[in-house]
Amino acid sequence: MELGIGMFGDLRINEKTGYIQSPQERLHEILEEVKLMDEVGLDFFGIGEHHRSDYSVSSPEIVLAAAAAVTKNIKLGSSVSVISSADPVKLYQDFSMVDNISNGRAEIMAGRGSFIESFPVFGYDLNNYEELFDEKLNLLLELNKNEVITWKGQFRAPITNQTIYPRPVQNELPIWIAVGGTPASVIRAGKLGLPIIFAIIGGDPENFLPLFEYYKQAYEDYGHDVSKMQIGVHMHSFFNETNVFDDYYPYYAGQMDRIGKSRNWPPFTRERFEMGREENGHLIIGDANLAIDRILKYKELFGLTRFSAHMDVGAPNHLDLMKSIEVFGTKVAPEIRKA
C-alpha cells in the first residue's frame, strides 16, 4: 500500500486578530513540507486546486513543478484537478512537463472539486456540470492513450490529427479519479478501469463500503485486470507523539466553520472533533499507534492500495505540520509496511 499526503494549501487565518497568511509564505512552507516527505520516504504528494481566498493554490501543476526540483523519489500529483472547468489539452501538457522535470513521477487526479468557484472563473455554466465532466475526462484519457488524436466535442473546438507536446516520460500518465459519495461516479471509474480514491471526510467510514463494492464489481464486469486495480482513501489526518491536539483543534475548527457558512453546517465543536477521532470516526488524528491501527483497519476493510493523509486542514502551524510528516514517515509508515 502506498502512503502519502494530500494538501489543499489552506491559508492560516486568525478570525480574532484578522491575520491572513500570505500565499507567498504558505507556498514556501509547502515546498519545505514536500521536501521532508521525500526525505522520510513517503510515496506520494498531492496538492489540490481551489479558487478561493482561504487557499493558496489555484494551479497544482506549478507547485508540483517546483516540488520536482527539490525531491528525488516521491510521486507528485494533484488532489484534485478540477477537469470540468479546465482545458484537458493544457492540463495534459502541464502535467507532461512536470513528468519531464521530475523524471517520470507525475500523476493526475481528476475530479469535480469541493467547490464551484472555478466555473464562473473560467466561463462555464453549472447547468452543464455532468456533461462537462464526462466530455473533458474522455478527452483527457484520449490524450493520454494516443499520440495523435482526432476528437470532437460540445464544449471546445475540435482537434484534427494533432499531437500534443511535450510527451511525458512515462508511456501514460497515471490518471486517478477522485470521488465523494456518488454511486454513478464510482461506477464510471470502474467501467473505465481507472484508479479511484474516495474522500472520506465525515461520518462512519464503514458506511462507504457499498461504494467500494460498486467500484470493484464494475471494474471486474468490464473486463479489467483485477490484479491492477488501485483503490485509495483520502482522510483528514494529523499525527504527533502525545495524542493531545489542543493546538491543532482551533485551526481545524476554523476552516470547518468557514466552509460550513456557505453550506449551512452547524458550528463545529470540540465534541464533534473528538467524536471524529473515535474508533468509528472519520478523523485519523492521533499518535503513531492510533494511526497505524486505523490505517491497517481500513486497508483490510476496503482493500486499499493507497492511503492519503489530508494533513493541512486549516493550515496548522508549519513546525507542527513538519512534525506530523516526520511521525508519518518515520514511525507510522515503517510499521504499516511491515504489517
Side-chain angles (χ1 to χ4, degrees), residues 6-11 23 26-27 30 46-65 76-99 106-145 149 151-159 162 164 168 173-182 184-186 188-189 192 194-199 201 234 255 258-259 261-263 308 310 312:
M7 292 185 170
F8 283 0
D10 298 33
L11 293 174
R26 183 67 195 115
L27 289 168
I30 289 170
I47 187 73
E49 172 191 347
H50 294 91
H51 304 268
R52 292 167 51 98
S53 61
D54 46 352
Y55 295 101
S56 61
V57 179
S58 58
S59 298
E61 50 270 42
I62 292 179
V63 175
L64 299 175
L76 301 168
S78 51
S79 64
V80 303
S81 294
V82 185
I83 62 168
S84 305
S85 55
D87 177 5
V89 175
K90 187 65 170 68
L91 187 71
Y92 187 79
Q93 283 182 311
D94 289 347
F95 275 87
S96 180
M97 290 185 68
V98 174
D99 204 50
E107 54 185 37
I108 301 173
M109 188 180 293
R112 303 174 189 273
S114 304
F115 305 97
I116 59 173
E117 286 84 359
S118 63
F119 285 82
V121 166
F122 296 111
Y124 289 101
D125 188 343
L126 272 170
N127 290 322
N128 299 321
Y129 189 81
E130 292 289 343
E131 295 85 353
L132 281 164
F133 185 84
D134 282 339
E135 178 175 301
K136 294 189 176 212
L137 176 60
N138 289 333
L139 176 53
L140 183 63
L141 297 176
E142 185 79 10
L143 292 163
N144 203 31
K145 291 180 179 178
I149 70 164
W151 177 92
K152 185 177 181 180
Q154 179 181 356
F155 298 104
R156 61 152 291 154
I159 303 170
Q162 183 73 53
I164 307 303
L173 291 173
I175 297 177
W176 288 70
I177 298 295
V179 299
T182 307
S185 297
V186 171
R188 179 199 288 112
L192 294 170
L194 295 173
I196 191 169
I197 189 159
F198 293 82
I201 55 175
H234 169 100
Q255 185 69 325
R258 281 188 289 274
I259 296 170
K261 285 179 183 178
S262 63
R263 300 180 179 180
S308 176
H310 183 175
D312 70 336

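Residues: numbered from 1 along the sequence shown. Side chains are part of it too, since the values below use all heavy atoms of this structure and drop only hydrogens, waters and symmetry mates.
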Derivation and outcome, side chain to side chain contact (heavy atoms under 4.5 Å, CB included), residues R188 and D134
CA-CA 9 Å; R188 179 199 288 112; D134 282 339; 2.8 Å; yes

Go through the steps to decide whether D94 and S59 satisfy the test side chain to side chain contact (heavy atoms under 4.5 Å, CB included), and finish with yes or no.
CA-CA 10 Å; D94 289 347; S59 298; over 6 Å; no

May I have the step-by-step check of side chain to side chain contact (heavy atoms under 4.5 Å, CB included) for Y55 and E117, ending in yes or no?
CA-CA 12 Å; Y55 295 101; E117 286 84 359; over 6 Å; no

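Residues A157 and W151 approach most closely at O-CZ3, 4.0 Å, considering heavy atoms. In plain terms, the two heavy atoms of A86 and K136 that are nearest each other are O-NZ, 2.5 Å. The minimum heavy-atom distance linking P88 with L143 is given by the pair O-CD1, 3.5 Å. The two atoms that bring N127 and D125 nearest to each other are N-OD1, 2.9 Å, heavy atoms only. The two residues P168 and D99 have their closest heavy-atom pair at CB-OD2, 3.4 Å. Closest approach of E49 to V82, counting heavy atoms only: OE1-N, 2.8 Å.
The ring pair (Phe, Tyr, Trp, His ring centres under 6.0 Å) check on F119 picks up Y129, with sequence neighbours excluded. Considering only residues two or more places apart in sequence or on other chains, E142 meets the side-chain hydrogen bond (donor to acceptor under 3.5 Å, both in side chains) condition with N146. When the salt bridge (charged side-chain N to carboxylate O under 4.0 Å, His left out) test is applied to R26, the partners found at least two apart in sequence or on another chain are E29, E33, D312.
The backbone N or O of L140 sits nowhere less than 3.5 Å from a side-chain atom of N144 that would complete a donor-acceptor pair. Between the S56 side chain and the G9 main chain, a donor and an acceptor come within less than 3.5 Å of each other. Looking only at distances, no side-chain donor or acceptor of S78 sits under 3.5 Å from a matching main-chain atom of I108.
When the options I47, L64, I62 are evaluated for a side chain to side chain contact (heavy atoms under 4.5 Å, CB included) with V57, the one that passes is I47.
Looking only at side-chain heavy atoms (C-beta outward), D10 and H50 stay at 4.5 Å or farther from each other. Inter-residue side-chain proximity for F133 and S185 is flagged as unmet; no heavy-atom pair is nearer than 4.5 Å. Within the 4.5 Å cutoff, the side chain of V89 has no heavy atoms near those of the Q162 side chain. No side-chain heavy atom of E107 sits under 4.5 Å from any side-chain heavy atom of P195.
Atom CZ in F95 sits 9.5 Å away from atom CG in L76 (nearest 0.5 Å). A distance of 8.5 Å separates CD1 of I201 from NE2 of H310, quoted to the nearest 0.5 Å. Taken to the nearest 0.5 Å, the CG atom of L11 stands 9.0 Å off from the CD atom of Q255. Atoms CZ and CD1, from R52 and I116 in turn, are 10.0 Å apart once rounded to the nearest 0.5 Å. Summarising the geometry, atom OG belonging to S84 is positioned 10.5 Å from atom CD belonging to E131; distances are rounded to the nearest 0.5 Å. To the nearest 0.5 Å, atoms NZ (K152) and CD1 (I159) are separated by 13.0 Å.
Ring orientation note: the planes of F122 and H51 are nearly perpendicular, at an angle over 60° on the 30°/60° scale. The aromatic rings of F8 and H234 lie parallel to each other, with less than 30° between the two planes, well short of the 60° mark.
More than 12 heavy atoms of other residues, nucleotides or ligands shown are found within 6.0 angstrom of CG on L192.
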